[in-house]
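What follows is one structure encoded as structure tokens, with my remarks underneath.
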Amino acid sequence: MFRNTEKSYGAIAILVHWVSAIAVIGLFAAGVWMVELTYYSSWYKTAPDLHKSVGIILFVLTMVRIAWKFANPKPAPLTEHKRWEVKAGHLAHGAIYLLLILIMCSGYLISTADGRGIAVFNLFEVPGIGELFDSQADIAGLFHQFAAYSLIGLVVIHMLGAFKHHFFDKDSTLVRMITILK
């Protein structure tokens, strides 16, 4: 029930997938909104702190997810899937993981360029490493933004693919990521 099988995803994989999806979409929306905040906004300081805290938690969750992925069997592709769909799915998932890690690393470089750590919900602090290269915050910021838009583009394609499988192909691709089969 908790672990994956050859036929289905387990409860842990399903839960981490959906929590990650909500966090990614929420962080993206918050990021787009935050760049419009003015100094006089009551959210000017609070929003970035929340964004960083959730980002750090998502980083830990992503590392757990990757470890869980290697420690569990991956459900076999459905027999209805075409070979190109399986390959495209693997490439898209790999790109999503890579972009997640790059976004979180660039976010860390933005946030710690001044040498200060990142307070995570004021419970603990991730230490800062300071500026490693000139204009670190600006360069990492541009990369962070570009990678975030790329990730959301891939997420939309991922969602459209799941809907295609569910509504047009009428296979169990989406159902496998929503329900725990025995």
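Since the structure is predicted, the reported quantities are computational estimates derived from the model, not experimental observations.
Between Tyr44 and Tyr39, the ring planes lie perpendicular to each other; the angle is over 60°, past the 30° to 60° tilted range.
When hydrophobic clusters are built by joining Ile, Leu, Val, Met, Phe, Trp and Tyr residues whose side-chain heavy atoms come closer than 4.5 Å, directly or via intermediates, Ile22 is not grouped with Val19. Criterion: ILVMFWY side-chain heavy atoms under 4.5 Å apart, direct or through other members. Under it, Leu142 and Ile103 are not part of a common hydrophobic cluster. The cluster map of Ile, Leu, Val, Met, Phe, Trp and Tyr, joined by side-chain heavy atoms under 4.5 Å apart, puts Val64 and Ile56 in different clusters. At a threshold of 4.5 Å between side-chain heavy atoms, the hydrophobic network of Ile, Leu, Val, Met, Phe, Trp and Tyr places Val86 and Val175 in two separate groups. In this structure, Leu123 is a member of the same hydrophobic cluster as Ile118, with clusters built from ILVMFWY side-chain heavy atoms closer than 4.5 Å.
Residue Glu131 comes nearest to Ser135 through the heavy atom pair OE2-N, 3.6 Å, listed as atom of the first residue, atom of the second, then distance. Minimum heavy-atom separation, Leu58 to Met104: C-SD, 3.8 Å. Contact record, Ala47 with Leu37: CB-CD1, 4.0 Å, taken as the closest heavy-atom pair. Of all heavy-atom pairs spanning Asp134 and Ile139, the tightest one is O-CD1, 3.5 Å. In this structure, Val54 and Ala23 approach most closely via the heavy-atom pair CG1-CB, 4.4 Å. Between Val120 and Ser53, the shortest heavy-atom distance links the atoms CA-OG, 3.4 Å.
A 6.0 Å sphere centred on CH2 of Trp43 holds no more than 12 heavy atoms belonging to other residues, nucleotides or ligands. Within a 6.0 Å sphere centred on NZ of Lys45, heavy atoms belonging to other residues, nucleotides or ligands number 12 at most. For CZ of Phe121, the number of neighbouring non-hydrogen atoms (other residues, nucleotides, ligands) closer than 6.0 Å is greater than 12. Within a 6.0 Å sphere centred on CZ of Phe70, heavy atoms belonging to other residues, nucleotides or ligands number 12 at most.
Taking the ring centroids of Phe163 and Phe168, they lie at or beyond the 6.0 Å cut-off.
Using a 4.5 Å heavy-atom threshold, the side chains of Glu80 and Thr173 count as separate. Looking at heavy atoms from C-beta onward, His158 lies in side-chain contact with His93 at the 4.5 angstrom threshold. Tyr149 places a side-chain heavy atom less than 4.5 Å from the side chain of Val32. Side chains of Val16 and Trp68 form no contact here, defined as non-hydrogen atoms less than 4.5 Å apart. Side-chain contact between Thr5 and Pro73 is absent, with no heavy-atom pair separated by less than 4.5 Å. When side chains are defined from C-beta on, Ile178 counts as touching Trp18, because their heavy atoms get closer than 4.5 Å. Counting heavy atoms from C-beta outward, Lys52 and Val126 have side chains that stay 4.5 Å or more apart. Inter-residue side-chain proximity for Ile129 and Leu109 is flagged as met; some heavy-atom pair is nearer than 4.5 Å.
Expressed to the nearest 0.5 Å, how far CG of Leu160 lies from CZ of Phe167 amounts to 11.5 Å. Rounding to the nearest 0.5 Å gives a distance of 12.5 Å between OG of Ser8 and CZ of Arg3. Rounding to the nearest 0.5 Å places OG1 of Thr62 at 5.0 Å from CG of Leu100. Annotation: the span from Ile25 atom CD1 to Ser20 atom OG amounts to 11.0 Å, rounded to 0.5 Å. Rounded to the nearest 0.5 angstrom, Leu15 CG and Phe2 CZ are separated by 10.0 Å. Taken from CG in Leu91 to CG in Leu98, the straight-line distance is 12.0 Å, to the nearest 0.5 Å.
Checked against salt bridge (Lys or Arg N to Asp or Glu O under 4.0 Å), Lys164 has the following partners two or more places apart in sequence or in another chain: Glu85, Asp169.
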Assess whether side chain to side chain contact (heavy atoms under 4.5 Å, CB included) is satisfied between Phe28 and Val24, documenting all intermediate values. CA-CA 6 Å; Phe28 179 77; Val24 165; 5.5 Å; no
Quick one, Asn4 with Lys69, criterion side chain to side chain contact (heavy atoms under 4.5 Å, CB included). Give me CA distance, side-chain angles, the key distance, then yes/no. CA-CA 9 Å; Asn4 297 348; Lys69 188 176 176 77; over 6 Å; no
Between His51 and Leu27, is a side chain to side chain contact (heavy atoms under 4.5 Å, CB included) present by the stated rule, with each step listed? CA-CA 6 Å; His51 186 85; Leu27 285 167; 3.5 Å; yes
For His165 and Leu174: C-alpha separation, side-chain torsions, deciding distance, then whether side chain to side chain contact (heavy atoms under 4.5 Å, CB included) applies. CA-CA 7 Å; His165 282 291; Leu174 182 58; over 6 Å; no
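Within the structure, side chain to side chain donor-acceptor pair (under 3.5 Å) contacts touching residues 96-119 (residues at least two apart or in different chains) are Arg65-Tyr97, Ser106-His144, Asp114-Arg116.
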